[in-house]
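Counting convention: from 1, in listed order, for ligands and their atoms alike. Numbering starts at 1 and runs along the sequence shown.
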Amino acid sequence: MKKIFIIFGPPGSGKGTHSARLACSYNIAHLSTGEMLRQKASDEERALMKKGILVSDNRLVELLRVRIQNSDCDNGFILDGFPRNLLQVELLDNLLKEQSLSLEAVIALEAPEDVLLSRLSGRRFCPNCSNNYHLTYDPPEQDGFCSCGFELRQRADDNSETIRARLRVFKEETIPLLDVYSLRSLPIIHVVSAGEINDVQKIIYERVQSTLLLSRFV
Ligand code: ADP
Ligand code: ZN
């Protein structure tokens, strides 16, 4: 059976980092809608993203519908950044039903707002190899440059105004999804992700493992 997870959490909670690690542990695909959009967005969509506003729901489902046909999704996938509002929950339900797939669990990350703000404002990425750094927590060896030699950049939406907008959109549109999923017989794995990356990763992995084991027996 395919392992399908949703990772849920505010911007800066570490969804990208932990999805990538979990995907590696289970040999499943890491599907980040933010990443898909950064590669494929139209000018109009880029303008929305720069303001921290959500882009069209249907557009994302279509991107996902195509993406999950890829062979790297054969064992399953982890959805990072989707669904993000109530309509997307419905669209995802339809998409999964249509493909006879079902969700295994929702992993819900949380961290205090000051941690989120400092993580996002200090985040830098490499446009060449997509490596991520943080000015304080994970600084590059050479100031301002990736180990591959390229100059590091800041994401267009990691400025303080857009960060505030993204947190607001998360509170208003995305948090209510937890209630929706809680009402289903679906495990929700709450993890505080304010600590060290490796510690948090270990906790997530252990909790996911026990959830998978349990679900095989009930
Ligand atoms: P974060 O979750 O850290 O804010 P992402 O990289 O997941 O960042 O998303 C960046 C931007 O991409 C969002 O602010 C939004 O504009 C757009 N986006 C990503 N996923 C979705 C989605 N499911 N629905 C609508 N817009 C999305
Ligand atoms: Zn690089």
Which atoms of ligand 1 sit under 4.0 Å from any heavy atom of I53? 15 (C), 16 (O)
Record the part of L37 in heavy-atom contact with ligand 1 below 4.0 Å; permitted values are side chain, backbone, both and neither. side chain
Is ligand 1 under 4.0 Å from a heavy atom in the side chain of R59, in the backbone, in both, or in neither? neither
What part of L60 sits under 4.0 Å from ligand 1 if we count only heavy atoms: the side chain, the backbone, both or neither? side chain
To the nearest 0.5 Å, how far apart are OG in S193 and CD in Q201? 13.0 Å
Pull out every atom of ligand 1 sitting under 4.0 Å from any heavy atom of G81, numbered as shown with elements. 20 (N), 21 (C), 22 (C), 23 (N)
Would you call R38 a ligand 1 contact, heavy-atom distance under 4.0 Å? yes
Nearest to atom 2 (O) of ligand 1, what protein heavy atom do you find, and at what distance? R84 NH2, 2.8 Å
Close to the Zn ion (ligand 2), meaning under 2.8 Å, how many protein N, O or S atoms are there? 4
Ligand 1 contact by R155, heavy-atom criterion under 4.0 angstrom: yes
Quick one: does E35 get within less than 4.0 Å of ligand 1, heavy atoms only? no
Identify, by atom number and element, the atoms of ligand 1 in contact range of Q88, meaning under 4.0 Å from any of its heavy atoms. 22 (C), 23 (N), 24 (N), 25 (C)
Donor-acceptor contact below 3.5 Å, side chain R207 vs main chain K202: no
With a 3.5 Å cut-off and no angle check, do the side chains of Y137 and E196 form a donor-acceptor pair? no
Among all protein heavy atoms in this structure, tell me which lies nearest to atom 26 (N) of ligand 1, with the distance rounded to 0.1 Å. V55 N, 3.1 Å
T162 backbone acceptor or donor facing N159 side chain under 3.5 Å: yes
Which residue and non-hydrogen atom of the protein lie closest to atom 3 (O) of ligand 1, and at what distance in Å? R166 NH2, 3.0 Å
Interatomic distance, I7 atom CD1 to L79 atom CG [nearest 0.5 angstrom]: 10.5 Å
